[in-house]
Every structure is written in C-alpha cells, then in structure tokens.
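Written out below as structure tokens is the structure these notes cover.
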There are 2 protein chains.
Amino acid sequence: MQDALIINSRDLEFQLFEVLEAETLTQRARHADHSRETFNAALETAHAVATEKFAPHNRLCDEHEPQFDGQRVTMAAAVKEALDAFRSAGFLAAGKDYEWGGMQLPAVISFACLSLFKSANIATSSYAMLTTANANVIERFGSAAQKRKYLQALLEGRAFGTMALTEPQAGSSLSDLVTSAVPNQDGTYSIRGNKIFISGGDHELSENIVHLVLARIPGGPPGVKGISLFTVPKFHVNDDGSPGARNDVALAGLIHKMGWRGTTSTMLSFGERGECIGELVGEPHHGLAYMFHMMNEARIGVGLGAVMLGYRGYLASLDYARERPQGRRPDNKNPLDPQLPLIEHADVRRMLLAQKAYVEGAYALCLYAARLVDEQNTGESDTARAEAGLLLDLLTPIVKSWPSQWCLEANSLAIQIHGGYGYTREYPVEQFYRDNRLNMIHEGTHGIQALDLLGRKVVMKQGAALKLLGREIQRSIEAARAHPALQAHADSLSNAWSELTGTVEALLPTLASESERALANANAFLEAFGHIVLAWTWLRQALVASAALPEAEAKNQTDGDFYRGKLHACQWFFRWELPRVSLMLATLRGLDDTTLSMAPQWF
Amino acid sequence: MQDALIINSRDLEFQLFEVLEAETLTQRARHADHSRETFNAALETAHAVATEKFAPHNRLCDEHEPQFDGQRVTMAAAVKEALDAFRSAGFLAAGKDYEWGGMQLPAVISFACLSLFKSANIATSSYAMLTTANANVIERFGSAAQKRKYLQALLEGRAFGTMALTEPQAGSSLSDLVTSAVPNQDGTYSIRGNKIFISGGDHELSENIVHLVLARIPGGPPGVKGISLFTVPKFHVNDDGSPGARNDVALAGLIHKMGWRGTTSTMLSFGERGECIGELVGEPHHGLAYMFHMMNEARIGVGLGAVMLGYRGYLASLDYARERPQGRRPDNKNPLDPQLPLIEHADVRRMLLAQKAYVEGAYALCLYAARLVDEQNTGESDTARAEAGLLLDLLTPIVKSWPSQWCLEANSLAIQIHGGYGYTREYPVEQFYRDNRLNMIHEGTHGIQALDLLGRKVVMKQGAALKLLGREIQRSIEAARAHPALQAHADSLSNAWSELTGTVEALLPTLASESERALANANAFLEAFGHIVLAWTWLRQALVASAALPEAEAKNQTDGDFYRGKLHACQWFFRWELPRVSLMLATLRGLDDTTLSMAPQWF
C-alpha cells in the first residue's frame, strides 16, 4: 500500500550511519549507554508507531478538520491515540536527560525518528513538535519552579505546548507586538492581547496547554528590545501539578487552512476578562533572544517537515510509476505492443530523478544540521562546539527555506506523474502538496530567511561562518578529486563557491553603505547559496557511494543499485540544477535594482 | 472588494487595441458590422456579467462541491443563474455566424471576453467553454442533420457539451482506447465503454448534454488510426428538438479534486444495459483528427484559464500589498516609526513584479494566439492564412504549457505576499493556486506538450514554422533596436533565438536516428522555448509602451505610469528570467542522457 510507505529505510541507514557516522556519537559520555543497536531500536519503534498510528488518519483529518462549537474543540479520536502512542514510546523526551525521564539520544537520531512521524502525518506530529520546542525553552531558561510546574508535564505529555508569537497587526514584524504584561503584586503578570496562527492553541489532547507568549511589560524599551517571554497555562496548575481552574485564555476562533488541516490553527484572546495570569521566563525584555535560541532547532524541524512531505510524495509516485502501464517508447508506433510502465518514459524518469535529488539531498542537509546540534552540544573541544554553532547559524536559513521550496516542487512532480489521478483526493499526493505550501511561510518566511542570511549570517564575525563552511566544502572537493567519476563535480562546486564568495565580497561595501539596495535581491542570494549547499550535500553522499560501490557490486546487487542511484542523482543535480547559480550570482554582483526601482504606482 | 477585481482593464485595452491592433479586424468582411465600440460593448457586458454573476459564488462552489445522490447531481443554484446570464448575453455563440444566432466577433475579442469569465470563476465558466468547444466540432464536421439536432441547442445553451476522450486504462495514451461502437441497422451505433475525468459529464444545468465520444468501430485499424467520433446525447432528441427518453449513459461517480471543485468531473459508463446509441461524426476512423482540429483552440483556452487564475491572484496580492502595513526598511531600526505598506519592501515588489511579468506576458501570448486564429480564419491572403496556421500550430504547446507552469508560480507568490493569511481559506489566493494546478495536466500534460513541440512542431514541413517564428521575432528585434532602452533586450533575444535554432540543428540528426535520446530532455526544450517566446511577447509590449511613453508622460500621468510599468516588467523578465535559457539549451545540445540512463532499479 503506497500510502503507508513513509521512508526508504536503506536511505535512512545510509544518511545516518554511512554519511554522518552517527555511531561515533556513542563514544561521547552523554550517549555512552547507546549503541548502533539502541539507535536502530529507537528508529524501528518510530517507524512502527508512525506507520501504524500516525499514517492511517492522515487523510481523515484533512477531510474532517477540528471543529469548535464555541465551547470545545473536537477532532478525530485517532489523533489522541497516535499522540498517546508517541508519548508512551518516550519520544517526547527522546533527547532529554535521564533525570527528566529522557533517553539521551543524540539530536541526529531524535530528528531522524521525528522525520518518520512527519512523513506519516505532519499535522498530528505537530502537536508533539510544538511541545518539545516549548519544553526546550523552559528547560533552558525557566526557573526551577517553572520546570517543576511545567517541564515534567510537557515531557510526559500531560501538558502540550504552543509558541504564541504572532499578532494580527504585526505578522513577521515582531517589533510591532502589542500584547501587554502588567506586573501583579505576587510576582505574576496580567496578560492582555490577541495572538493569531497559534498552532495547537486549543484542543483536548492533553490535560493542559502551556502557551509561551511574547508580550511587553509597560515601560520597557520599544521594538524587539522590549519583548518579554511568559508561560501562560490554559488551566492554572495546582500545587500537586494537576490542572486547576481555567485561566483567562479564550479561543477566538479556528483558522481554516489550505492544508495541514489536522493541526488546530487558532486565534487566541488573552485576558479578555482581565484575569489572564502569566509568569515571566528569565529576565524582562529578553524574550526574543530566548525564543531565537530555540529557533535553529525549530527551523530544522520546519525544513525536515518539508523534506518528509516531499519524500512521501516521491515514494508514492515512484510506486505509481512502476505499476501503472501507459504508452510506448517514442520510436515505437505499434499499438499492438503492450503498454510500458510509466517509469520507462524518459520524462517520468526525469520527474522521479528530480524528486530524488530534491528530497534525498534536502534530507541529507537537515540531518547534517541535526548532527551539528550534537556537535554543538557534545563536541570534543571548545573549538569544535563553537564551530558547529557558527555553521549551524549560517546554514539554518537554508535548512528552513530550501526544502520548503524544492520539496514542494517535488510534490508538484509527484502529482504530475500521477496525471489526472494525482489531482484527485482519491490519491495522497495532492494533500502533501497542499500541506507543504505552508513551510515557506511559518517560522519566518522566505523573505525573512533571505534577509537573515545575507544581512546577518554571512557577515557575522567578519564572515567567520562563511569561511568555515568554505573550509568544509573544500575538504569535500579535495576528497572528490580522488574519484574519477566525481572530478567534474568537484570542479563545478569549486567554481560555484568561488563565485559565491566573490559575490559576497562585491556586495560588502554596499551592505555597509546602502543596505536596502544590497539586500534588495537577497532572495536570489538565498536561492543561489541554497543550491550550492545542496550540491555539497550531494557531493558528500556521492563520495560515500563512490567509495562503497566496488565492494557492493561484487557482493550485493541491491546495495550496488542503491549507490548507483546516489551517484546518478548527484550527477543530475550538478548538470541540471547547479548551473543556474552562476546567473543569479552575476545579476547579484551587478546590484541589479529592477525590483527596487519599480515604483508602486507603475503596477 | 479585492475579491471582485478580475482584470486590469487598462491592460486589456492595451493588449487588444495597442499591441494586437484588434480594431483593424473590423475592415474584414466577416466583422464589417463591428467597430471599436461594439468590441468594447461586448467586453463591458462580459465584465459586468462575470463580476456580478460568476465571481460571487467562486468560493461557495469550492466549499460546496456538486453532490451525486445516485440519481441526480445537484449544485449551488448560482451556477445555473450565472450560465443563464452568460447564455442570455449571447456569449455561447459569440464568434459564430449570424445564421446560428451568433455575433461574428473575432476570436481575439471572444477570447478576451472569455478571459473575464475565467478570471471570475474558472469552474462555472468551464461548462460554457466545453459547450463551445463541442459546438465547434459539430459545426465543422457534423452532418446537416447533426447540426439541426445538436448545434442549435448547444449554441442556445439548451444542451451543454462534453469531450469524452480519456479512459481509465489509457490516460494520455489515446492509442489504447477500447470503448466500442458497433453499427446498428439504422445507421446508428451502439456504444459501450467507460470514460473518466469527463468535465461537465453530468448536471442539471441544461435540458440535455451532448457527449462527443471517441470509440472504436470493430474491425478498424489498431491504435489511433482506428478511432472514430460519435455524438452521444444524455437524452435522445425528439424530432422537434426537445429531449426525449434517457439514453444509456450512466454517471458511475463524481471525482473529487484538489481544486476546480465547482466543475463536475465524472466517470461515465456508456452502454451498461447495451442500449447506448450514438451517431458517427464524419468518416469512420477519423475521430482523432477531428478532435485535434479543435485542439489548438481548446489549448488556448487552457492557457488562458491558467493566465486568468494567475492574474486574479496578482491583483489580489497587489491590493493586499498596498493596504497592509508591515515592518520598516532594512536600514531603519526605529520601532517608533510607523510600519510601511508591504509594497515598500523590495522582496514584496520582486514578488509583484514577477507575477506581473508572468501573467501579463502570458496574457499577451494567449491573446496573440487568439489573434492568429483570426488571421487563420479571415487573413487577407492564402499566404497570410497559411502562415498564421503554421505559427499557431508551433506556438500551441507553449500557449498551453507556459501559463500552466508560470502563472501557477504567480499564484504561489500571491500566497507568499499574504503571509499566513494567504494560506487560509479566508482569503481567495489559495483557491487560485489549487485551481491552477490542474492546467499542467488536462488537455495534454506538460510531457505531451514537450514531445509535441520538439518531436513534431519544430520539425514539421522542414522546420517551416520555426523559420516563420524566427522571421516574426527578428522583426521585433529590429524594431527594438531603434529604441535605446530596448537595445540590450533586442541583443539578448537575438542571442537566445540563435542558441535555440542552433540547438534544433544540433538535435536534428539524433531526432532522426535515435529519437528516444533526442526527446529525453524535451521538457527542457519546452521550457527554454517558452521563455524565449515570452521574452518576445514582452519585447512587443515594450515596443508599444516605449513609443507611447513620451506623449503619455506629457499628457496623462496614469498612462505614463502604466507604460513605465510595462517597460520595467519587460526589463525584469529579460534580466532575471531569460538568462536561464542558455544553460538549458547548452545541456540539451550536449544530449545529456542522465535521465535516460537512470535504471529503474536504482531509484
């Protein structure tokens, strides 16, 4: 049943253990109890729970959205059953300390597990992702009392979490938030304001919901420097940890979306009756910094979700292309010959190869980013940890944006392979396409990522992160030069990287003197940078495949085929995708001002 | 109300009367009763009916799809009211002879009128489009008796039409159709078989439905050479033209789609009880040729639909970008300054400019194609008519495919400009995006268009059509060289065209000797060709704008702004879009075989 095929397990094994060498993490103190076997056990459990509990209701919750009758939000019972299974299997605390009931799994393994749930059902898995993200903030910045009150409940799934940032009048402009938090005598704060697009903002999946709310304490500085962070529970918490009376947080309405329909998207009203109580997290006015501390991981999560929707569509269309007979070769005009499977047509193979290049390349990128989280957390030296942090900061805008754009394109190709059937709701691929369109928007739009990359990440610390990435890419290029089949790719990547760094050099003076002009084409920079990074992830995969191929072909044809596929997808990316980078970078170097100089009245 | 903004009327005027000089058509005998005033009257009526009757239920029918209770298909009453208004205003027979109650409008004006209905409501307008297409076939190839029986009813809207080509087991491979037509003693045929994806296949919008069905007469040749065309009415027609007893055509079920939900998409079962009666149209075994005769216009219709969905999204996002305040310039960090409208941000302007370039460029292309239909029908000489036919044959795959791809991209940008709101069903743009995804699939997929272009159209008659297009493009290039602002564009287009013809030359030997290999990258050829043609449509618009600009700026600032916008959009397309052509053509010339050599087992 194509619908239940959520991953190519051979690819997952390849990414984790051959490319990223995840097994070496077991040598670190934090993961010393782990082994390849315990990693595999976690992955297999995730695969089973995702397939059996998450995948089956993916379409159901698309067709039957959560409903709000003015009092309660209801949804299909399967959602709670799935999340209960997720919780019981320990995934809410997969990476957390033993003392919190966690498994102390490395991030790269936790993210790999999560990827399977995202593939199976992006909407249901969102509730868990949000809860983990919320718990991460409280673990890092909350007081001991807040941890006692909330963290344990979140990690056990008794409470679920949200991130309540966005307001109707401000959108991406966090600087313009107006929700207020007025101090009370007892040290708590009275919260008042409206939030919008709050995923998981109301439901009955858990005993309680803990909102992390950005708000302003009156008298603080304007703009982002005056934003503080608060915990606001749906139900006040009794001393024994059980949920008490209702807090003054009201569901003002559900938002109806194109896709991702199983996740409640809410408008929340805080303090309509003046009785909404929140607690400050950390110091006043540092709220945005706290949230941003968690942003790298949240954005890996978005990128990974985009990848998995693309991956799922790829597998579905591959299955369809193998099974569905249609047409003959262009040079065969004999209608009495039997029809060929779709996969025999060059253009269908192009659409499969493009999908493979997009989704497996982007999967490699997201898992590499998760591996950097591990390096940042448990790297062998201060230098290793600091470098991993820098690389992660630089790559995060790519990790978030590239899969959102190109794995959506993969979903479109999956529809196309299905022909008219792909456009119907009787097949799964149209839902993946609708679900995936969100990823370019939430957790920072494409435009925001582009400004972050060119305006901040590339130039931070005198370009230290960029130099570091250059060093890593150079290593791969040198290794690739030892493989005859990869030499041309090594040269292409080397040239592309030179053009990229040359472009940054060329833009630096304007970035300093006339930032609006230099940033006007930031989107093209994001795309070009992204394609180069993806070419690199493909070269790294090809290096492993190329090294492993001779033995595999001698011993195990299935493995040989797998590695051939990797080398071929790499070749496709280098021949059909990477070349476009050159043009974009040339236009960028020329500081083209076509968009900036288009007067609004000319439209 | 943004939702009702279906066109930029100034642009429509520009396209028809400044670029395509539609008024000159009134000098031809067939249109001698017409004038600029009668053309405008038709356009204004279309605008009014589309805005008042079609647009208001566009979302309603997306949310409430047609329902089938096993007996009857029901849908919102507004659909019939809209189509009644369309019929009453005479649009079903807009281009038809006076003797059939038509208006003898030129094709370019008819298509322009239709574009407004498509913009307002693509799903409801489909019923009318299908009826017109059906009537065109019967008018051209039907017997006098068939015209009496069906044509009048179709043109008056008493009967609606369908095109029943696709079968579940055959999809795009018409060669594999199996529906049979067994001759009866009385000259009629007994039809038996199943059809799928038949739009408008059942409903109660009209007294009767006339299906045009492709089927095989037993004993005929296999493949496409043995396909015949039949009229199969839902109700038999009495001698007085009124509908009689039910024919044996059953609705086997409705298909539920991602978008375009207002149009019933059906599975039809012909002759389940052995009592389905059809009449042969024209000669046996010529059915496909008859259908293809109408294909150019049908494919212009698809392209135009894609354009209008893109256009509507563009207008909605432009309106939103002007109204919605958000954020400040990148070099302004003062949160106390008021927020700027979205349109002041460079990246938003990029997304508007890209949409403008895609939709207005593609609109120019579709209307140019409609103008070629006029030239083919009423051109001044045999040569003019023959040349127009050749050009139209060559351009049709582009007219169908380019808007389907790039105006869908425009819809995605319209969502992006709306941010989170754009992803909700409370705003109109997500529906346009869903609706538009169909256009790459129906009436011949992208893959089919690409094979048609490279395998057939480019090489037909020793490349005569390609030479002809080259001549027309060269004319525009020469004219552009007289305008300083357009010289660089003229050079770019000239280079691109040389690369294209060079690529065709390079591929010719392989097309003859090893067609599968030469056609393996046909999709890239389609894309490159499409971008060059679009660049040409922009150069033609820029020529008119450049000539008109000085006087406009002296007299009428609004017109001046409009022409500036055209020149700027042209510049954007030439700087940011056309350059990608070069790479694709180079890879094509190299006969890259990456997709062809990817073995199925390597995936």
Side-chain angles (χ1 to χ4, degrees), chain A residues 171-173 175-176 197 222-223 255-258 318 326-327 329-331 335-336 339 343 346-347 349-350 352-353 356 416 419-420 423-425 430 437-438 440-441 445 447 451 455 515-516 519-520 523 561 564-565 568 571-572 575-576 579-580 583 587 592 594-596 598 600-603, chain B residues 171-173 175-176 197 222-223 255-258 318 326-327 329-331 335-336 339 343 346-347 349-350 352-353 356 416 419-420 423-425 430 437-438 440-441 445 447 451 455 515-516 519-520 523 561 564-565 568 571-572 575-576 579-580 583 587 592 594-596 598 600-603:
Chain A
S172 295
S173 183
S175 175
D176 294 280
F197 302 129
I255 297 162
H256 300 96
K257 305 185 301 297
M258 172 163 65
L318 178 58
Q326 194 166 326
R329 293 194 199 286
D331 46 10
L336 299 177
Q339 297 197 75
I343 199 170
D347 195 52
R349 232 177 272 179
R350 168 187 71 83
L352 290 170
L353 201 45
K356 180 179 171 76
Q416 195 69 16
Y423 191 69
T424 71
R425 309 201 302 274
E430 67 83 29
R437 184 60 187 78
L438 178 59
M440 277 204 272
I441 299 171
T445 63
L451 291 176
S515 64
E516 186 175 21
L519 292 171
N523 182 73
D561 287 341
R564 288 259 171 220
H568 223 76
Q571 175 180 316
W572 185 86
R575 291 204 186 163
W576 288 97
R580 72 170 77 191
L583 296 168
T587 315
D592 179 71
T594 310
T595 58
L596 206 57
M598 176 80 184
Q601 69 273 22
W602 296 351
F603 280 105
Chain B
S172 296
S173 182
S175 174
D176 293 281
F197 301 129
I255 296 162
H256 300 96
K257 305 186 299 298
M258 172 163 65
L318 178 58
Q326 194 165 325
R329 292 194 200 286
D331 46 10
L336 299 177
Q339 298 197 72
I343 198 169
D347 194 52
R349 233 176 271 180
R350 169 186 71 84
L352 291 170
L353 200 45
K356 181 179 170 75
Q416 195 69 18
Y423 191 70
T424 71
R425 309 200 304 272
E430 67 85 28
R437 185 59 188 79
L438 179 59
M440 277 204 272
I441 299 172
T445 63
L451 291 176
S515 64
E516 185 175 21
L519 292 170
N523 181 72
D561 288 341
R564 288 261 170 217
H568 223 76
Q571 176 179 316
W572 185 86
R575 291 204 186 163
W576 287 97
R580 73 170 78 193
L583 295 169
T587 314
D592 180 71
T594 309
T595 58
L596 206 58
M598 176 78 185
Q601 69 273 21
W602 296 351
F603 282 104

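The shown structure was predicted, so the numbers you read here are calculated from the model rather than taken from an experiment.
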Next item on the list: Could you tell me which portion of B:Leu353 (side chain, backbone, both or neither) has an atom closer than 4.5 angstrom to a non-hydrogen atom of chain A?
Entry: both
Next item on the list: Give the member of B:Thr445, B:Asp592, B:Leu451 that has the highest number of heavy-atom pairs under 4.5 Å with chain A.
Entry: B:Asp592
Check: Which atom pair, heavy atoms only, marks the closest approach of B:Pro335 to A:Gly223?
Finding: CB-CA, 3.3 Å
Notebook entry, point to check: So which part of B:Tyr423 gets closer than 4.5 Å to some heavy atom of chain A, the side chain, the backbone, both or neither?
Noted result: both
Notebook entry, point to check: Could you give the distance from CD1 (A:Ile343) to CE (B:Met598), rounded to the nearest 0.5 Å?
Noted result: 8.0 Å
Next item on the list: Identify which part of A:Leu318 has an atom lying under 4.5 Å from any heavy atom of chain B, answering side chain, backbone, both or neither.
Entry: side chain
Check: Can you name the closest pair of heavy atoms from B:Thr594 and A:His568 and give their distance?
Finding: O-NE2, 2.8 Å
Note to self: Please classify the contact between B:Leu519 and chain A as side chain, backbone, both or neither, with a heavy-atom cut-off of under 4.5 Å.
What the structure shows: side chain
Checklist line | A:Phe603 portion near chain B, given a 4.5 angstrom heavy-atom threshold | finding: both
Next item on the list: Not counting sequence neighbours, which residues clear side-chain contact (heavy atoms from CB on, under 4.5 Å) with A:Asp176? List them please.
Entry: A:Ala170, A:Ser173, B:Arg328, B:Gln339
Next item on the list: Give, for atom CZ of B:Arg437 and atom CD of A:Glu430, the distance between the pair rounded to the nearest 0.5 Å.
Entry: 11.0 Å
Next item on the list: For residues B:Ser515 and A:Pro330, report the shortest heavy-atom separation together with the two atoms involved.
Entry: OG-C, 4.3 Å
Notebook entry, point to check: Of the backbone (N, CA, C, O) and the side chain (C-beta and beyond), which part of B:Leu438 lies under 4.5 Å from a heavy atom of chain A, both, or neither?
Noted result: both
Notebook entry, point to check: Is it the side chain or the backbone of B:Leu352 that comes within 4.5 Å of chain A heavy atoms, both, or neither?
Noted result: both
Item checked: Non-neighbouring partners of B:Arg329 that pass salt bridge (Lys or Arg N to Asp or Glu O under 4.0 Å), sequence neighbours left out -> A:Glu516, B:Glu344
Next item on the list: Would you give the length of the straight line joining atom CG of A:Asn523 to atom CG of B:Asp347, rounded to the nearest 0.5 angstrom?
Entry: 5.0 Å
